[in-house]
Amino acid sequence: MHYGLDIGGSKIALGVYNAERELLWETRMPTPHDSYDHFIDAVVGLVRDADQRFGGCGTVGIGIPGIPVTEHGTLYAANLPAASGQPVQADLSARLARDVRMDNDANCFALSEAWDDEFCQYPVVLGIILGTGVGGGIIINGQPLTGQHFISGEFGHMRLPVDALQLLGWDTPLRRCGCGQQGCIETFLSGPGFAWLYHHSYGERLSAPQIIARYHQGEPQAQQHVDSYLEVLAICLANWLTMVDAHLVVIGGGLSQFATLIEGLPGRLPAYLLPVAKVPRIEQARYGDAGGMRGAAFLHLAR
């Protein structure tokens, strides 16, 4: 059995998967914030419940929003105050007497998609999240590419390419990102960025769902806006593909529900790719909110 824990600021979700990667059972509980001991006890309790329920000792993988293991061997996760700065992975491995593996939630999202029955055929999978922020993960032969500091796939914190800025207009403000830098792709391609670009162009403050509703109604400004956003997305994705050269791109996050984005990318990408490159398969993410839990469970899998 493979246990996957998706640990966030509000809840801990545990899913149990069999060798065929089928979900057999799941449960969840509030994330403890009062003490580190309570946090560790909660995770250990969930795992032991699963062991008892299934009569075995399953593998344990954990996805968290942050850096699972810093150079000091500790967790860094701003919305897990009881655990941040503590040696979570080492302590859980000791308490549970097994190899506990941890990765960030974006890598777990991408890993979940890469282990889909249909997607397993692809050696290199690029997972992209277009939501409150922009992030993602790179999966190579069924394993996440974490890098030295677990920041591989943080595409949202690359700077907006020059051809995208030329398209938007040289006078487009380079907004300050939450990371402290200016001009990060996240400030343009995230859900809030999608809405900001509309306001910047047309002077009207609308949410992303409102803009998309107007697009479907055939409203000219909304259609022009989506066309511009799609072109910027294609430019940025082409840069990422030049670096990664993926066989498959899977797009998740709130904006992925807007099918026009997925459908519009293949025809736009060739203009920005190298002449020898081919457009990879591009798909909408299949596992939604369960992706973090599912991907965490598969941290122990190998092809």
Side-chain angles (χ1 to χ4, degrees), residues 1-8 12-28 39-40 42-70 73-75 77 80 83 87-127 136-150 152-153 248 250 285-287 289-303:
M1 296 293 177
H2 303 291
Y3 306 161
L5 292 110
D6 180 15
I7 302 180
I12 301 175
L14 166 70
V16 176
Y17 298 81
N18 63 15
E20 289 71 43
R21 304 186 300 280
E22 298 169 328
L23 178 64
L24 302 181
W25 180 68
E26 66 176 304
T27 187
R28 59 185 57 202
F39 176 87
I40 292 295
V43 176
V44 169
L46 287 172
V47 171
R48 287 179 176 163
D49 284 349
D51 283 346
Q52 184 175 14
R53 179 177 289 265
F54 292 94
C57 186
T59 64
V60 177
I62 299 174
I64 59 98
I67 301 174
V69 186
T70 67
T74 58
L75 169 73
L80 299 175
V88 175
Q89 185 177 33
D91 286 349
L92 285 174
S93 294
R95 284 280 301 274
L96 293 168
R98 69 195 82 175
D99 174 24
V100 173
R101 299 185 182 180
M102 295 177 63
D103 210 326
N104 66 54
D105 49 7
N107 282 342
C108 288
F109 150 77
L111 189 62
S112 170
E113 299 295 329
W115 279 100
D116 176 80
D117 288 345
E118 185 179 346
F119 296 162
C120 278
Q121 63 180 297
Y122 298 107
V124 181
V125 177
L126 177 61
I138 303 165
I139 310 300
I140 301 176
N141 294 322
Q143 299 292 312
L145 176 65
T146 59
Q148 185 178 1
H149 301 108
F150 289 88
S152 296
L248 169 70
V250 181
R286 296 184 171 181
Y287 296 97
D289 291 342
M293 182 177 70
R294 189 173 182 273
F298 301 160
L299 287 170
H300 287 264
L301 296 185
R303 293 179 185 167

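When a residue number appears, it is its place in the shown sequence, counting from 1. Excluded from the calculations below are hydrogen atoms, water molecules and symmetry mates; all remaining heavy atoms, backbone and side chain alike, are included.
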Next item on the list: For the pair Arg101 (side chain) and Gly61 (backbone), establish whether a donor and an acceptor sit closer than 3.5 Å, ignoring hydrogens and angles.
Entry: no

Next item on the list: Supply the atom-to-atom distance Gln89 CD to Ile64 CD1, rounded to the nearest 0.5 angstrom.
Entry: 10.0 Å

Notebook entry, point to check: If you round to the nearest 0.5 Å, how far is OG of Ser152 from CD1 of Ile138?
Noted result: 5.5 Å

Check: Nearest 0.5 Å, what's the OH-CG distance between Tyr122 and Asp116?
Finding: 10.0 Å

Item checked: Main-chain N/O of Leu23 paired to Glu26 side chain as donor or acceptor, under 3.5 Å -> no

Checklist line | Atom of Leu299, atom of Pro144 and distance for their closest heavy-atom approach | finding: CD2-CG, 4.2 Å

Notebook entry, point to check: Out of curiosity, Phe109 CZ to Ile139 CD1, how far, rounded to the nearest 0.5 Å?
Noted result: 9.5 Å

Check: From Leu248 CG over to Glu118 CD, what is the distance, rounded to the nearest 0.5 angstrom?
Finding: 9.0 Å

Checklist line | Beyond-backbone contact of Leu46 with Thr27, side-chain heavy atoms, under 4.5 angstrom | finding: yes

Margin query: Quick check: Phe298 with Tyr17 (ring centres under 6.0 Å apart)?
Written below: yes

Check: With Asp103, which residues qualify under side chain to side chain donor-acceptor pair (under 3.5 Å), at least two apart?
Finding: Asn107

Next item on the list: Sequence neighbours left out, what passes side chain to side chain contact (heavy atoms under 4.5 Å, CB included) with Arg53? Give chain and number order.
Entry: Trp25

Check: Stepwise, does the side chain to side chain contact (heavy atoms under 4.5 Å, CB included) test hold for Val43 with Leu5?
Finding: CA-CA 8 Å; Val43 176; Leu5 292 110; 4.2 Å; yes

Checklist line | Check: Arg294 side chain, Tyr287 main-chain N or O, donor-acceptor pair, under 3.5 Å | finding: no

Checklist line | Distance (rounded to the nearest 0.5 Å) between Ser112 OG and Asp105 CG | finding: 12.5 Å

Next item on the list: Kindly write out the residues that satisfy side chain to side chain contact (heavy atoms under 4.5 Å, CB included) with Ile67, not counting sequence neighbours, or none if the list is empty.
Entry: Thr70, Tyr76, Phe150

Check: Any idea which heavy atoms bring Ala50 and Leu14 closest together, and the distance?
Finding: CB-CD2, 4.0 Å

Margin query: Is there a side-chain contact between Thr74 and Val69 in this structure, where contact means two heavy atoms from C-beta onward sitting under 4.5 Å apart?
Written below: no

Notebook entry, point to check: Any side-chain heavy-atom pair from Asp6 and Ile12 closer than 4.5 angstrom?
Noted result: no

Next item on the list: Evaluate whether atom CG of Asp99 has more than 12 neighbouring non-hydrogen atoms of other residues, nucleotides or ligands under 6.0 angstrom away.
Entry: yes

Next item on the list: Identify, with sequence neighbours excluded, every residue that meets side chain to side chain donor-acceptor pair (under 3.5 Å) alongside Asp91.
Entry: Tyr36

Next item on the list: Provide the full list of salt bridge (Lys or Arg N to Asp or Glu O under 4.0 Å) pairs with a residue in residues 16-25, sequence neighbours left out, each pair given once.
Entry: Arg21-Asp117

Notebook entry, point to check: Are any non-hydrogen side-chain atoms of Met1 and Tyr3 less than 4.5 angstrom apart?
Noted result: yes

Next item on the list: Give a yes or no on whether the backbone of Arg286 and the side-chain of Glu113 come within a donor-acceptor separation of less than 3.5 Å.
Entry: yes

Next item on the list: Determine the minimum heavy-atom distance between Cys108 and Ile62, stating which atoms define it.
Entry: SG-O, 4.4 Å

Notebook entry, point to check: Does Gln143 have any side chain to side chain contact (heavy atoms under 4.5 Å, CB included) partners at least two apart in sequence or in another chain, and if so, which?
Noted result: Ala302

Margin query: Quick one: does any side-chain atom of His2 pair with a main-chain N or O of Val16 as donor and acceptor, under 3.5 Å?
Written below: no

Item checked: Where Ala106 and Gly136 come nearest, the two heavy atoms and their spacing -> CB-O, 3.4 Å

Checklist line | Where Gly58 and Arg98 come nearest, the two heavy atoms and their spacing | finding: O-NH1, 2.8 Å

Next item on the list: Indicate yes or no for a side-chain donor-acceptor contact from Trp115 to the backbone of Cys120 under 3.5 Å, with no hydrogens or angles considered.
Entry: no

Notebook entry, point to check: Going through the distances and angles, do Phe119 and Val125 end up as a side chain to side chain contact (heavy atoms under 4.5 Å, CB included)?
Noted result: CA-CA 8 Å; Phe119 296 162; Val125 177; 5.5 Å; no

Check: Any chance CD of Gln52 has more than 12 other-residue heavy atoms, nucleotides or ligands included, within less than 6.0 Å?
Finding: no

Margin query: Tell me the closest heavy-atom pair linking Ile7 and Pro65, and the distance in Å.
Written below: O-CD, 3.0 Å

